[in-house]
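Written out below as structure tokens is the structure these notes cover.
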Amino acid sequence: QVQLVESGGGLVQPGGSLRLSCAASGNIFSINIMGWYRQPPGKQRELVATMSSRGLINYADSVKGRFIISRDNTKNTVDLQMNSLKPEDTAVYYCNSKGVSTLRAYYPRDFWGQGTQVSVSS
């Protein structure tokens, strides 16, 4: 079974930086899209950034110019560098993958990590 494990959340002051990392495991051959979503308190889950295996990137307007997504296809990892953090970035951040090929099967559905809390406050 495919598993995603996130790390790197925490508490940071406004204007600070954090880096989130996510590693996928489960005899994976390739992953089409990896990315990050977040769920602010009392709100629905929303897109933060995604990156295809070919390097196509999509950012939410609210994070453009501040966040940078990167991935290593050989290691099945995806990172999110978050700079100039604002209180409104406070949320649980979830790693996501779509279109996962393992040695046994192809899974077109979403896989999610367990989530990591990011809190931006003075």
Side-chain angles (χ1 to χ4, degrees):
Q1 185 61 283
V2 176
Q3 291 186 325
L4 304 177
V5 178
E6 303 111 333
S7 61
L11 174 64
V12 65
Q13 292 185 341
S17 298
L18 279 177
R19 188 177 183 88
L20 304 182
S21 296
C22 173
S25 62
N27 292 319
I28 294 171
F29 178 71
S30 66
I31 302 175
N32 185 17
I33 298 174
M34 297 189 78
W36 294 90
Y37 290 71
R38 67 187 182 187
Q39 187 164 13
K43 297 184 179 181
Q44 292 189 339
R45 194 173 297 188
E46 61 187 24
L47 169 76
V48 177
T50 60
M51 187 171 184
S52 75
S53 58
R54 297 187 178 186
L56 295 176
I57 294 175
N58 182 37
Y59 288 109
D61 288 343
S62 59
V63 307
K64 284 181 181 176
R66 301 188 298 123
F67 291 10
I68 301 172
I69 188 171
S70 61
R71 65 183 281 183
D72 185 331
N73 292 334
T74 64
K75 298 180 180 179
N76 296 317
T77 59
V78 62
D79 292 346
L80 185 69
Q81 177 66 41
M82 304 185 294
N83 301 318
S84 302
L85 282 161
K86 305 175 181 179
E88 51 263 43
D89 294 316
T90 295
V92 178
Y93 284 70
Y94 296 91
C95 179
N96 171 271
S97 66
K98 295 182 177 66
V100 180
S101 295
T102 70
L103 297 178
R104 292 190 174 185
Y106 173 73
Y107 300 95
R109 71 174 184 90
D110 291 87
F111 288 94
W112 296 95
Q114 80 283 359
T116 185
Q117 177 70 46
V118 171
S119 298
V120 185
S121 174
S122 55

Going by the rule side-chain hydrogen bond (donor to acceptor under 3.5 Å, both in side chains), which residues pair with Gln81 if we only count those two or more places apart in sequence or in a different chain? Arg19, Asn83
side-chain hydrogen bond (donor to acceptor under 3.5 Å, both in side chains) partners for Asn76, two or more places apart: none
Listed by chain and number, what are the salt bridge (Lys or Arg N to Asp or Glu O under 4.0 Å) partners of Lys43, not counting sequence neighbours? none
Name each donor-acceptor pair under 3.5 Å that joins a side chain in residues 56-66 to protein atoms two or more places apart or in another chain, with its distance.
unit_1, atom_1, unit_2, atom_2, d
Tyr59, OH, Ile69, N, 3.0
Asp61, OD1, Lys64, NZ, 3.1
Ser62, OG, Arg38, NH2, 3.4
Arg66, NH1, Ser84, O, 2.9
Arg66, NH1, Asp89, OD2, 2.7
Arg66, NH2, Ser62, O, 2.8
Arg66, NH2, Asp89, OD1, 3.0
Arg66, NH2, Asp89, OD2, 3.4

Hey, any chance [X] and [Y] share a hydrophobic cluster, counting ILVMFWY side chains that come within less than 4.5 Å of each other, even indirectly?
| X | Y | result |
| --- | --- | --- |
| Met82 | Val92 | no |
| Val2 | Tyr94 | no |
| Phe67 | Leu47 | no |
| Ile28 | Ile33 | no |
| Leu4 | Val118 | yes |

Give, for atom [atom1] of [X] and atom [atom2] of [Y], the distance between the pair rounded to the nearest 0.5 Å.
| X | Y | atom1 | atom2 | value |
| --- | --- | --- | --- | --- |
| Met51 | Asp79 | CE | CG | 10.5 Å |
| Asp72 | Met34 | CG | CE | 10.0 Å |
| Gln13 | Ser119 | CD | OG | 13.0 Å |
| Ile31 | Tyr107 | CD1 | OH | 12.5 Å |
| Trp36 | Leu20 | CH2 | CG | 4.5 Å |

Considering all heavy atoms of both residues, which atom of [X] and which atom of [Y] are nearest to each other, and what is their separation?
| X | Y | value |
| --- | --- | --- |
| Ser122 | Pro14 | N-CD, 3.6 Å |
| Ser97 | Val100 | OG-CG2, 3.6 Å |
| Gly8 | Leu18 | O-CD2, 4.0 Å |

Any side-chain heavy-atom pair of Ser121 and Leu11 under 4.5 Å: yes
Would you say that Val120 contacts Glu88 through its side chain, given a criterion of any heavy-atom pair below 4.5 Å between the two side chains? no
Between Trp112 and Tyr37, how do the two ring planes meet: parallel, tilted or perpendicular, split at 30° and 60°? perpendicular
If you count heavy atoms of other groups shown closer than 6.0 angstrom to [atom1] of [X], is the number above 12?
| X | atom1 | result |
| --- | --- | --- |
| Arg109 | CZ | yes |
| Gln3 | CD | no |
| Phe29 | CZ | no |

Quick one: disulfide bond (SG atoms under 2.5 Å apart) pairs with a partner in residues 45-122, sequence neighbours left out? Cys22-Cys95
Look only at the side chain of Glu6 and the backbone of Gln114, and say whether a donor-acceptor pair between them is shorter than 3.5 Å. yes
Residue pairs meeting salt bridge (Lys or Arg N to Asp or Glu O under 4.0 Å), one or both in residues 95-108, sequence neighbours left out, come to Lys98-Asp110
